[in-house]
Amino acid sequence: TGQAITGEAITGEANTGEQARADNSTRKTNSVADQGEAAVKFGDDDDDDDDERYQRALAAAVRLAANRCLPSVVSIEVIGGVGDGEGEVERDACSSGLIVDPSGFVLTSSLVASRPNAGLIVVLGDGERHAARVIARDQHRDLVLLKIDVSTPLPAAILTETNETTVGQTVIGVGRYGDSHSPLVGRGILSARGRLDGIALQCDARFSPSFYGGPLVDLYGRVLGVLI
């Protein structure tokens with residue numbers, strides 16, 4: 001199964017043992033219970049009909065949750081540098097990042113900054129490109145904080161100190177991919193908490209390196225962690 005960092009921590013990855021991390025933070029949003037959970041009333045129809053309605057409702061809830069955080073999700077490109085970096089992420093670049101402050105601070109996986117002297121480009125959801133510089137590193141959580149210069153405030157994710165999670169709940173990974181920087185969405189089940197010395201969550205979803213640096217959210221669109 002995969003791992004992530006929880007709140008005390010972060011959020012986790014998948015059957016490949018990939019990890020997701022968060023810095024004691026969750027996203028605080030208006031309640032989406034009526035929308036995100038998409039309540040379904042089951043009648044006396046057969047089980048197949050009930051299952052189909054449930055799947056449709058869950059798919060709608062996942063889309064709503066992803067759309068709530070998607071404006072804060074960016075693509076990150078690695079340009080040039082010395083050496084081969086750390087393999088999988090750079091072969092599959094771009095990866096993703098999460099805007100955490102309107103002035104241009106972006107949180108992402110440290111793997112995007114693994115190649116010496118490489119340039120980093122943050123691509124916003126509207127395609128606008130900005131050169132980024134590394135401001136800080138968290139070696140324990142494998143995260144880096146980037147800064148881009150912007151003239152207007154960016155749509156930052158809202159992070160809080162609390163991280164309310166329950167084993168068995170649905171979790172959603174969000175990222176951006178390719179030249180079009182199109183949205184990526186993956187869904188899984190939270191399978192464990194308190195991994196990696198209490199800083200990681202574990203879930204059964206499999207996320208490709210393109211998701212790295214993107215958020216793991218719940219069905220309310222609240223950020224539980226950052227995929228690494």
Side-chain angles (χ1 to χ4, degrees), residues 4-5 10-11 13 18-25 27 66-159 173-186 207-217 221 223-228:
I5 298 188
I10 271 203
T11 57
E13 283 243 351
E18 297 162 348
Q19 298 171 352
R21 307 187 175 189
D23 47 357
N24 291 332
S25 53
R27 182 172 182 182
N67 284 335
R68 291 181 67 86
C69 68
L70 190 58
S72 302
V73 179
V74 301
S75 295
I76 298 177
E77 299 176 356
V78 181
I79 308 296
V82 177
D84 296 328
E86 295 191 16
E88 188 179 13
V89 167
E90 295 195 14
R91 289 197 303 269
D92 200 42
C94 308
S95 59
S96 301
L98 183 66
I99 301 169
V100 294
D101 187 89
S103 64
F105 287 96
V106 177
L107 192 64
T108 188
S109 166
S110 63
L111 292 177
V112 303
S114 62
R115 181 185 294 175
N117 301 319
L120 298 174
I121 303 294
V122 169
V123 186
L124 305 181
D126 61 3
E128 189 174 322
R129 300 165 65 86
H130 297 269
R133 57 190 183 275
V134 176
I135 297 297
R137 299 175 185 260
D138 186 331
Q139 303 288 355
H140 186 46
R141 291 182 169 84
D142 288 338
L143 297 172
V144 295
L145 183 66
L146 307 180
K147 179 66 170 66
I148 62 175
D149 295 325
V150 293
S151 57
T152 58
L154 300 179
I158 299 174
L159 308 177
V174 183
R176 291 189 182 274
Y177 177 74
D179 293 339
S180 64
H181 310 289
S182 57
L184 290 171
V185 178
F207 297 112
S208 75
S210 296
F211 280 92
Y212 291 0
L216 190 76
V217 304
V223 176
L224 303 176
V226 175
L227 301 169
I228 60 161

A.B. asks: With the side chain counted from C-beta on, respond yes when Leu216 and Phe207 share a heavy-atom pair under 4.5 Å apart, and no when they do not.
C.D. replies: yes
A.B. asks: Any salt bridge between Asp149 and Arg133, counting N to O under 4.0 Å?
C.D. replies: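 Looking at Arg133 together with Asp149, the answer is yes, because their closest N to O distance falls below 4.0 Å.
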A.B. asks: Roughly how far, to the nearest 0.5 Å, is the OG atom of Ser103 from the CG atom of Leu154?
C.D. replies: 8.0 Å
A.B. asks: Between Pro183 and Leu70, what is the shortest heavy-atom contact and its length?
C.D. replies: CG-CD2, 3.6 Å
A.B. asks: Please check if the side chain of Ser109 supplies one atom and the backbone of Gly213 the other of a donor-acceptor pair under 3.5 Å.
C.D. replies: no
A.B. asks: To the nearest 0.5 Å, what is the distance between CG (Leu107) and OG (Ser72)?
C.D. replies: 12.0 Å
A.B. asks: Could you tell me which non-hydrogen atom of Pro71 sits nearest to which non-hydrogen atom of Pro155, and how far apart they are?
C.D. replies: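 That closest heavy-atom pairing would be O-CG, 3.2 Å.
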A.B. asks: Take Val223 and Leu159, measure what side chain to side chain contact (heavy atoms under 4.5 Å, CB included) needs, and give me the verdict at the end.
C.D. replies: CA-CA 7 Å; Val223 176; Leu159 308 177; 4.0 Å; yes
A.B. asks: So Ser182 and Arg176, do their side chains get closer than 4.5 Å, heavy atoms only?
C.D. replies: no
A.B. asks: What's the verdict on side chain to side chain contact (heavy atoms under 4.5 Å, CB included) for Tyr212 and Ile228, showing C-alpha distance, side-chain angles and the deciding distance?
C.D. replies: CA-CA 5 Å; Tyr212 291 0; Ile228 60 161; 5.8 Å; no
A.B. asks: Locate the shortest heavy-atom distance separating Ser210 from Tyr177; write the atom from each residue and the value.
C.D. replies: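 Heavy-atom minimum between the residues: OG-CD1, 3.0 Å.
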A.B. asks: Where is the tightest heavy-atom contact between Val150 and Pro102, given as atom of each residue plus distance?
C.D. replies: CG2-O, 4.0 Å
A.B. asks: Do the non-hydrogen side-chain atoms of Val106 and Val100 ever get within less than 4.5 Å of each other?
C.D. replies: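 In short, these two side chains do not touch, never coming nearer than 4.5 Å.
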A.B. asks: Are Leu143 and Ser110 close enough that some pair of their side-chain heavy atoms sits under 4.5 Å apart?
C.D. replies: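 When only atoms from C-beta onward are counted, Ser110 and Leu143 do not touch, as no gap falls below 4.5 Å.
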A.B. asks: Can you give me the closest heavy-atom contact between Ala66 and Val185, atom names plus distance?
C.D. replies: CB-CG2, 3.9 Å
A.B. asks: Measure across Leu98 and Pro215 and return the closest heavy-atom pair with its distance rounded to 0.1 Å.
C.D. replies: CD1-CG, 4.0 Å
A.B. asks: Roughly how far apart are Ser95 OG and Leu120 CG, rounded to 0.5 Å?
C.D. replies: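 The OG atom of Ser95 sits 8.5 Å away from the CG atom of Leu120.
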A.B. asks: Do His130 side-chain atoms and Val123 backbone N/O form a donor-acceptor pair below 3.5 Å?
C.D. replies: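 Not a single qualifying donor-acceptor pair exists.
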A.B. asks: In sequence, state the C-alpha distance, the side-chain angles, and the governing distance for Leu111 and Asp142, and then conclude on side chain to side chain contact (heavy atoms under 4.5 Å, CB included).
C.D. replies: CA-CA 8 Å; Leu111 292 177; Asp142 288 338; over 6 Å; no
A.B. asks: I want to check something: taking the side chain as every heavy atom from C-beta on, are Val174 and Leu184 in contact at a cut-off of under 4.5 Å?
C.D. replies: no
A.B. asks: Can you find a heavy atom in the side chain of Ile148 that is under 4.5 Å from one in the side chain of Leu124?
C.D. replies: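 In contact.
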A.B. asks: Do Leu145 and Asp138 make a side-chain contact, defined as non-hydrogen atoms from C-beta onward lying under 4.5 Å apart?
C.D. replies: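 Side chain of Leu145 against side chain of Asp138, heavy atoms only: no contact under 4.5 Å found.
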A.B. asks: Just wondering, do Ile135 and Phe105 contact through their side chains at under 4.5 Å, heavy atoms?
C.D. replies: yes
A.B. asks: Has the side chain of Thr108 got a donor or acceptor atom that lies under 3.5 Å from a matching backbone atom of Ser96?
C.D. replies: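 Flag set: sc Thr108 to bb Ser96 pair under 3.5 Å.
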